[in-house]
A.B. asks: 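I am attaching a structure below and will ask some questions about it afterwards.
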Amino acid sequence: MQITGNHQMARIVRHNDESVREGYIRNGGKEVKLFTSAFKAFQCNNRIVMAQRKHLDDFLRGKNIGRLDCGRTQLEVSEELGIAQSVISRLWQRFQDDGNVSRCYSTGRFRVTTPNEDRYLAVTAKRNRRSTASDLSRQLSSATGTAVSRQTVYRRLGHIGLYARRPVRCFPLTATHCRLQLAWSKEHALWTPQQWSCGMFSDESRFSLQSDSRRTFIWRAPGTRYRQENTTERHRYGGAGWLVWGGIILGSRTDLHVQSVTITGHIYRDVILEQHVRLFRGAMGAEFLFMDDNARPHRANIVDECLQSEDITRMDWPAYSPDLKPIEHVWDMLGRRIAARQPPPPPVYRNFGGHCLMSGEIFPKIRLII
């Protein structure tokens with residue numbers, strides 16, 4: 001043990017040294033007197049070490065009784081063995097009363113459920129992963145007559161690695177979707193950075209101003225988030241909200257376009273293609289490659305005619321492809337900021353060129369950062 005003070009560093013030789021109790025320590029064969037603050041710090045640290053000991057084994061209990069029976073004081077035994085004096089006092093008093101110093105282990109509170117009932121809860125939760133803790137408690141009571149609380153159900157399922165988590169939402173993919181996505185991945189797997197630098201990834205995302213109250217929990221183990229029984233298939237999200245479009249390219253980006261009305265082929269051509277995409281096509285030349293998804297406004301005839309007239313090459317994109325574009329980080333940031341607003345943003349509108357855009361106070365102008 002080391003003590004730091006206004007004197008040089010010193011080491012305690014023995015805990016039961018009389019010089020220690022008097023405020024002296026040995027340093028290089030010499031006795032050095034401690035300052036009052038350093039000596040109190042040593043006593044405090046020694047008591048903390050004593051307090052961290054939980055239980056004494058039978059051998060250590062016998063050592064205490066043997067030293068006390070030989071005439072040693074309780075304080076001396078406490079400093080020698082590093083045990084609190086109150087513990088030694090109770091141990092000695094118990095030895096004088098009944099002559100026994102062995103620790104009596106208490107059984108504690110009895111477990112409400114049996115191992116078979118614990119297995120019943122686990123099997124029931126795995127068969128119906130959307131059942132709540134209250135449902136499992138009622139089913140256990142009906143089957144075995146044992147009434148348990150919701151917290152007990154949580155603890156029993158947590159012991160086997162089942163916790164309440166929200167299911168992952170995914171799209172229902174067919175064999176054709178998987179085949180086309182795999183073919184697209186193999187085709188573009190060996191593309192160089194120069195080839196990717198000529199492509200613009202565009203996307204739009206819808207942000208709802210209403211909270212999602214349809215939140216359900218399931219019982220699942222760690223590492224099983226994307227299994228079929230732990231997912232919920234869902235195509236669309238309801239409620240009023242705002243549509244945001246943006247484009248990103250290596251080394252550059254477009255401004256975010258925000259509107260409340262549903263995007264149509266005419267709006268997509270007049271606002272998105274004419275005001276944003278066409279400018280990048282003119283700056284990059286014939287190597288420019290434009291990527292958008294398979295939304296209905298993107299595949300309208302007037303949109304195809306506009307792309308052909310502007311000599312814009314469109315990249316093929318399989319249906320229901322994973323959203324792996326870098327612009328997805330922007331959508332995540334916007335979604336978190338909107339969800340964190342208290343109170344939720346009110347529906348404020350402004351008219352810009354015939355399109356209803358969101359107020360700058362509600363949806364501040366955000367630029368894509370690469």
Side-chain angles (χ1 to χ4, degrees), residues 196-209 235-321 323 325-335 338 345-370:
W196 287 112
S197 63
C198 299
M200 170 186 283
F201 291 89
S202 67
D203 191 24
E204 60 271 342
S205 181
R206 185 177 180 276
F207 297 91
S208 177
L209 303 183
H235 282 283
R236 301 165 185 254
Y237 299 87
W242 299 89
L243 188 69
V244 183
W245 179 91
I248 189 170
I249 195 171
L250 188 63
S252 184
R253 76 279 185 186
T254 67
D255 292 335
L256 294 183
H257 175 77
V258 185
Q259 67 179 35
S260 62
V261 296
T262 302
I263 189 170
T264 62
H266 292 278
I267 296 178
Y268 187 72
R269 180 195 61 181
D270 300 337
V271 178
I272 304 301
L273 298 181
E274 293 291 341
Q275 299 182 13
H276 299 282
V277 179
R278 186 173 58 87
L279 301 179
F280 279 84
R281 165 61 177 85
M284 298 187 62
E287 297 180 354
F288 178 76
L289 189 62
F290 179 63
M291 192 288 300
D292 57 359
D293 53 25
N294 297 314
R296 290 185 178 180
H298 302 172
R299 294 299 183 264
N301 294 331
I302 56 176
V303 173
D304 294 337
E305 295 174 358
C306 178
L307 293 177
Q308 292 177 3
S309 62
E310 298 293 340
D311 195 16
I312 298 177
T313 304
R314 172 187 281 170
M315 176 188 294
D316 294 332
W317 192 252
Y320 295 137
S321 296
D323 291 331
K325 300 179 291 296
I327 199 174
E328 294 297 329
H329 297 287
V330 180
W331 304 151
D332 180 70
M333 178 191 65
L334 289 177
I338 294 176
V348 180
Y349 303 92
R350 291 181 182 176
N351 242 334
F352 290 94
H355 302 292
C356 188
L357 303 182
M358 181 177 285
S359 169
E361 300 175 356
I362 306 302
F363 224 111
K365 183 178 181 181
I366 302 176
R367 302 180 66 88
L368 304 184
I369 302 176
I370 302 178

A.B. asks: Which distance, rounded to the nearest 0.5 Å, do you find between the CG of Leu256 and the CH2 of Trp245?
C.D. replies: 9.0 Å

A.B. asks: Classify the angle between the aromatic ring planes of Trp196 and Phe201 as parallel (below 30°), tilted (30 to 60°) or perpendicular (above 60°).
C.D. replies: parallel

A.B. asks: Could you measure the distance from the CZ atom of Phe207 to the CG atom of Leu334? Nearest 0.5 Å is fine.
C.D. replies: 4.5 Å

A.B. asks: Kindly write out the residues that satisfy side-chain hydrogen bond (donor to acceptor under 3.5 Å, both in side chains) with His298, not counting sequence neighbours, or none if the list is empty.
C.D. replies: Glu204, Asp293

A.B. asks: Report the residues that fulfil side-chain hydrogen bond (donor to acceptor under 3.5 Å, both in side chains) with Arg269, sequence neighbours left out, ordered by chain and then residue number.
C.D. replies: none

A.B. asks: Is there a donor-acceptor pair closer than 3.5 Å between any side-chain N or O of Ser202 and the backbone N or O of Gly246?
C.D. replies: no

A.B. asks: For Asp316, does the CG atom sit with more than 12 other heavy atoms under 6.0 Å from it, leaving out its own atoms?
C.D. replies: no

A.B. asks: Who are the side-chain hydrogen bond (donor to acceptor under 3.5 Å, both in side chains) partners of Asn301, not counting sequence neighbours?
C.D. replies: none

A.B. asks: What's the separation between atom CG in Leu273 and atom CD1 in Ile302, rounded to the nearest 0.5 Å?
C.D. replies: 9.5 Å

A.B. asks: When you look at CD of Glu287, are more than 12 heavy atoms from neighbouring residues, nucleotides or ligands closer to it than 6.0 Å?
C.D. replies: no

A.B. asks: Would you compute the distance between atom CD1 of Ile248 and atom CZ of Arg253 and round it to the nearest 0.5 angstrom?
C.D. replies: 9.0 Å

A.B. asks: Nearest 0.5 Å, please: how far is CD in Glu274 from CG in Leu279?
C.D. replies: 9.0 Å

A.B. asks: What distance do Met284 atom CE and Met200 atom CE have between them, rounded to the nearest 0.5 Å?
C.D. replies: 8.0 Å

A.B. asks: Applying salt bridge (Lys or Arg N to Asp or Glu O under 4.0 Å) as the test, list every pair that has at least one member in residues 300-310; sequence neighbours left out.
C.D. replies: Asp304-Arg314

A.B. asks: Residues two or more places apart in sequence or in another chain: which of them pass side chain to side chain contact (heavy atoms under 4.5 Å, CB included) with Pro297?
C.D. replies: Ile263, Ala295

A.B. asks: Just by modelled atom types, is the Phe288 backbone N or O under 3.5 Å from a matching donor or acceptor in the Arg281 side chain?
C.D. replies: no

A.B. asks: Without swapping roles, check the side chain of Ser252 against the backbone of Ile249 for a donor-acceptor pair under 3.5 Å.
C.D. replies: no

A.B. asks: Got a sec, which residues hit side-chain hydrogen bond (donor to acceptor under 3.5 Å, both in side chains) with Arg299, two or more places apart in sequence or on another chain?
C.D. replies: Asp292, Asn294

